Amino acid sequence: MSIEYGGDGAGGASPQAFAFSQDCEAGGDYKIRAVGVGKTFSVRGKRGKGVTQTEALDGLTLSIPRGEFHVILGPSGCGKSTFLDLVAGLAKATAGEILIDGKPVAGPGTDRAMVFQQYALLPWKTALGNVEFALEGLERDRRRRRETATKYLELVGLGEFLGHHPFELSGGMKQRVAIARALAIGSDVLLMDEPFAAVDALTREVLQRDLLRIAREAGKTVLFITHSIDEAVFLADRVSVMSPRPGRIKEIVPVPISRGDRMRGDVKASEPYARVRHRLWELMREDAAQIAASG
Amino acid sequence: MELSARIESKISGMGALGIPVRLGLRFAHMFGAIIAFLTLWEFAPALGLIDPVIIPVPSVIFDKFVELSLNGVLLNNVAVSMRRVAAGFGLAVCVALPLGFLLGGWFKALETAVNPLLQLVSQANPFTLFPVFITLLGIGEISKVSIIFWVCQWPVLFNTVTGIRNADPVLVKMSRSLGMGRFQMFYKVMLRGALPSVFTGIRMSAVFAFFMLIGAEMIGASSGLGYMILQAQATFQMPRMWVGIVTVALLGMAVNLAILLLERKVSGRKEEISI
């Protein structure tokens, strides 16, 4: 695996700037590519006076091969969710472009499926109804919608809870419904915005394992956002560490653990796991120190 | 509901008791307070607590109720009053609901601009507006229906706007990520999400409708429950007056219950909140 760095901003003097990876230049079979992506928010000042420009992302470059489980790791407020919104087409980049299968993202679409931290389930619909809802624009036949929705809810282990409303389900189960919904859409790309941040630690581990298994079996390309180092190491093929203000990829760290090894109970005690974990921790700590220093 | 559930579980915990006993306890739990109140009322004159000439006892009111029901006087007045409520309240819902959808969902800038004005206008005490309506529309049916309409539209309008404005941004984001169009999203997510708030507005309006109905009928009318109550008072027919008061209360309860049932039918199952 090659290591690549994000392009630096206008006044950047980082020695690593513009050291793009060879893979990136060669083109390769990339599912998701971000090239020099920037996003600036205009925030109106108090009492309507003046407009403050906030740079959320600057010169973010990233290439994700088909089938990769890619985790973006960064502290809160580093712009990682903003980046995911851009990939989802929910917002427009102010610079650069994002390509899915080589085509620029023009807006939201069912070629990408999103999973949100807050589940985003319709409270008035059952688990089944929530998954069917996502299929309404894709499948005209009601019965086929029901079949597909049932199939994916069974896949995530909720076969017994088809008729339950979100308020009758635990946090972990709600997120399973949301994952079933994302899978049912049938897109190659899964975009996950801190999906397990709101569930308890034990449930999180079970969900992580299931997600890893399902994503692998279905051959999904996953872009997963988290601020948890452990989650990143456990899930990722490669981890992009993001630094804040403005958000850019600081370093990409490959995780040299095989798929089989991850499913073993002692993976977290293994040498490569500890090594990657430590490397990520170092990278995160630099930013934490920076943030603390800048107030 | 929490309390009733607790009592329910305690009752079922007593296992050995038969079903009749359990039903009886349940009945006592639901209606016990009313029965106790009526009993106290019935015997209050004997205890020297109230003057039965001014406040007749429940049994006398009930007798009068049966009498007025059988000779059609009560039914006629109820029909007249309910027609006025239905017209004013129905019109208010028909106008304020779509207007609320539009202001809350489509023309947000306009809503922000006219909201202060609407708040101000809606704050005018409707009883102070009676003379205005009567001057403009005379004292016929139109002015009565209009004043009910005027009062009923505000809760529906404001609650509908609020309901749509408070749509869960995550749900909106999710629908957008599915590539859903603006109209579909409004219809399938925002409107549906606003329903509880909309129904709150409708229930408030129903209460106001009865307030204004009686007010309107007491100020200028020759039929209806408000007229019947005032007339009875003027001719010192106290039981008849009390029949009117009780009937208005019962009608209000019935309408509220009907709206609640409709809401349950439309909204489906809901999470029960216990504090």
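Small disclaimer: the values here were computed from a predicted structure and weren't measured.
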Backbone N/O of A:P108 and side chain of B:R176: donor-acceptor pair under 3.5 Å: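 Not at all, since once roles are kept as given, no pair shorter than 3.5 Å links the two residues.
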Sort [X] into side chain, backbone, both or neither according to what part of it lies under 4.5 angstrom from a heavy atom of chain B.
X: A:A88; value: neither
X: A:L122; value: both
X: A:L121; value: backbone

Mark yes when over 12 heavy atoms from residues, nucleotides or ligands other than [X] sit less than 6.0 Å from its [atom1]; otherwise mark no.
X: B:Y187; atom1: OH; result: no
X: B:I142; atom1: CD1; result: no
X: A:R66; atom1: CZ; result: yes
X: A:E160; atom1: CD; result: no

Quick check: do B:L178 and A:E136 have side-chain heavy atoms less than 4.5 Å from each other?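 Heavy-atom side-chain distance check fails, nothing below 4.5 Å.
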Side-chain heavy atoms of A:R181 within contact of B:M174, under 4.5 Å: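 Result yes, sub-4.5 Å side-chain heavy-atom pair found.
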Could you tell me which portion of B:V189 (side chain, backbone, both or neither) has an atom closer than 4.5 angstrom to a non-hydrogen atom of chain A?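 Contact with chain A: backbone and side chain both.
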Residue, of B:M180, B:K188, B:Q184, that accumulates the most heavy atom pairs under 4.5 Å with chain A: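 Looking at each of B:M180, B:K188, B:Q184 in turn, B:K188 comes out on top.
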Of all of A:L90, A:V115, A:L191, which one pairs up most often with chain B through heavy atoms under 4.5 Å apart?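 Looking at each of A:L90, A:V115, A:L191 in turn, A:L90 comes out on top.
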Tell me, please, which residues at least two apart from B:S177 pass side-chain hydrogen bond (donor to acceptor under 3.5 Å, both in side chains).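 So B:S177 forms no side-chain hydrogen bond (donor to acceptor under 3.5 Å, both in side chains) with any residue.
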